[in-house]
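Have a look at the structure below, then the notes.
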Amino acid sequence: MFGLEDMKKIVYGGLVREKETGAFSFSRMTEKQYGYFTREEDARFLVRMGCTAGICMDFYTDSGSLEFDYEISGMADRDIVQLDICQNGVRTGGPAQKPGKDTVGSIRHRIDRDGHRWNRITVWFPYMSSIALKNISLAPGASLCTLEEGTPDGDFPGRIRKSFYATGIPSPRDMMPFIRPRAMRCAWPAILTGSCGMRA
């Protein structure tokens, strides 16, 4: 099971906190920023500020599986939840569904180890809702390495983690190589149809 200290090392784009229930919640703003939005009269901002857009778990593992329980809440304008699980940069799983306002579920994801002992696993959280995770675990006996550590065999070298908040939220610049492909994947249908204002 992942503990709070493990989560602090592998969560990017926001802060992670542990609730009394043992579930992990995530936030992408400082307390001062949250304070500003709570003064707004528009209820849409109160919901959107709690969404987990841009937050992910990112790590290396030699596990053949990843499991966790989740709880969705605080749906914004669109009542759909998409949670992307990527293996070495390619989406390999995760739900995309219309769950309603509040829902719980479990993910049991198989990690393909063909040709690789170690894999980079990135779990992108929903962008139009908030999520809490619990009972996060790998296969028995499996190991976890952070992006900073790299893997023991050197296939994935370590890197320096940069932050612009004293609280440890990683810099957006560090996340751009991973955010761009996901953003384009989400936007491509709109680009093709011209619904986003772009024309060939």
Side-chain angles (χ1 to χ4, degrees), residues 2 6-17 23-29 47-61 63 65-99 103-112 116 118-138 144-148 156 159 161-165 168-191 196:
F2 289 15
D6 296 320
M7 293 295 287
K8 287 180 178 179
K9 295 176 182 177
I10 65 173
V11 169
Y12 288 80
L15 298 176
V16 56
R17 297 179 175 86
F24 298 107
S25 62
F26 309 91
S27 58
R28 56 194 173 102
M29 297 183 188
V47 176
R48 288 177 180 175
M49 72 179 187
C51 294
T52 50
I55 304 179
C56 69
M57 293 193 301
D58 205 353
F59 57 91
Y60 303 122
T61 183
S63 177
S65 63
L66 170 66
E67 301 183 0
F68 55 84
D69 301 325
Y70 65 87
E71 180 177 0
I72 301 295
S73 60
M75 299 296 298
D77 295 342
R78 301 180 181 90
D79 60 340
I80 187 169
V81 171
Q82 181 167 352
L83 186 146
D84 292 337
I85 302 177
C86 300
Q87 178 174 336
N88 302 324
V90 178
R91 186 179 188 275
T92 55
Q97 57 189 351
K98 301 186 73 172
T103 190
V104 297
S106 298
I107 296 289
R108 303 290 181 264
H109 181 72
R110 177 181 175 274
I111 299 174
D112 184 3
H116 297 277
W118 293 90
N119 288 285
R120 180 174 180 173
I121 303 299
T122 310
V123 182
W124 290 100
F125 299 156
Y127 64 95
M128 294 298 284
S129 68
S130 59
I131 190 171
L133 303 183
K134 191 175 182 180
N135 301 324
I136 310 168
S137 64
L138 302 172
L144 176 147
C145 294
T146 66
L147 300 189
E148 291 71 44
F156 294 96
R159 62 185 63 194
R161 180 169 181 153
K162 299 177 182 179
S163 63
F164 61 91
Y165 286 151
I169 298 178
S171 167
R173 180 175 298 177
D174 296 338
M175 298 304 298
M176 285 309 296
F178 319 115
I179 293 174
R180 271 198 204 102
R182 186 173 193 251
M184 285 303 298
R185 191 164 61 248
C186 294
W188 195 242
I191 294 173
C196 64

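Salt bridge present: D84 and R91 bring a charged side-chain N and a carboxylate O closer than 4.0 Å.
Note: T61 OG1 to N119 CG = 8.0 Å, rounded to the nearest 0.5 Å. Between atom CD1 of residue I85 and atom NE2 of residue H109 there is a gap of 5.0 Å, rounded to the nearest 0.5 Å. Here E71 contributes atom CD and S25 contributes atom OG; the two are 11.0 Å apart, rounded to the nearest 0.5 Å. For the atom pair E67 CD and S106 OG, the distance stands at 8.5 Å (nearest 0.5 Å). Here the CG-CZ distance, from L66 to R110, works out to 13.5 Å after rounding to the nearest 0.5 Å. We find the CE-CG distance between M7 and L133 to be 5.5 Å, quoted to the nearest 0.5 Å.
In terms of heavy-atom proximity, A132 sits nearest to A23 at CB-CB, 4.3 Å. Across F156 and W118, no two heavy atoms sit closer than the pair CE1-O, 3.6 Å. Between S129 and S73, the closest heavy-atom pair is CB-O, 3.7 Å. Annotation for W124 and G54: closest pair CZ3-O, 3.8 Å, computed over non-hydrogen atoms.
For T52, the side-chain contact (heavy atoms from CB on, under 4.5 Å) partners at least two apart in sequence or on another chain are F26, I55, F125, P126, I131. Evaluation of the salt bridge (charged side-chain N to carboxylate O under 4.0 Å, His left out) rule for D112 yields no partner, not counting sequence neighbours. For T146, the side-chain contact (heavy atoms from CB on, under 4.5 Å) partners two or more places apart in sequence, or in a different chain, are K9, I10, E148, E149.
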- Message: With side chain to side chain contact (heavy atoms under 4.5 Å, CB included) as the criterion, how do T122 and Y12 come out once you've worked through the C-alpha distance, each side chain's angles and the decisive distance to 0.1 Å?
- Response: CA-CA 10 Å; T122 310; Y12 288 80; over 6 Å; no

- Task: Kindly determine whether S27 and L15 satisfy side chain to side chain contact (heavy atoms under 4.5 Å, CB included), including the steps that lead there.
- Result: CA-CA 5 Å; S27 58; L15 298 176; 3.8 Å; yes

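In this structure the side chain of D6 never reaches within 4.5 angstrom of the side chain of L144, judged on heavy atoms. Residues Y70 and V104 form no side-chain contact, since every pair of their non-hydrogen atoms from C-beta on lies 4.5 Å or further apart.
A donor-acceptor contact shorter than 3.5 Å is absent between the side chain of S65 and the backbone of L138. The main-chain N or O of G13 is never found under 3.5 Å from a side-chain atom of R28 such that the two would form a donor-acceptor pair.
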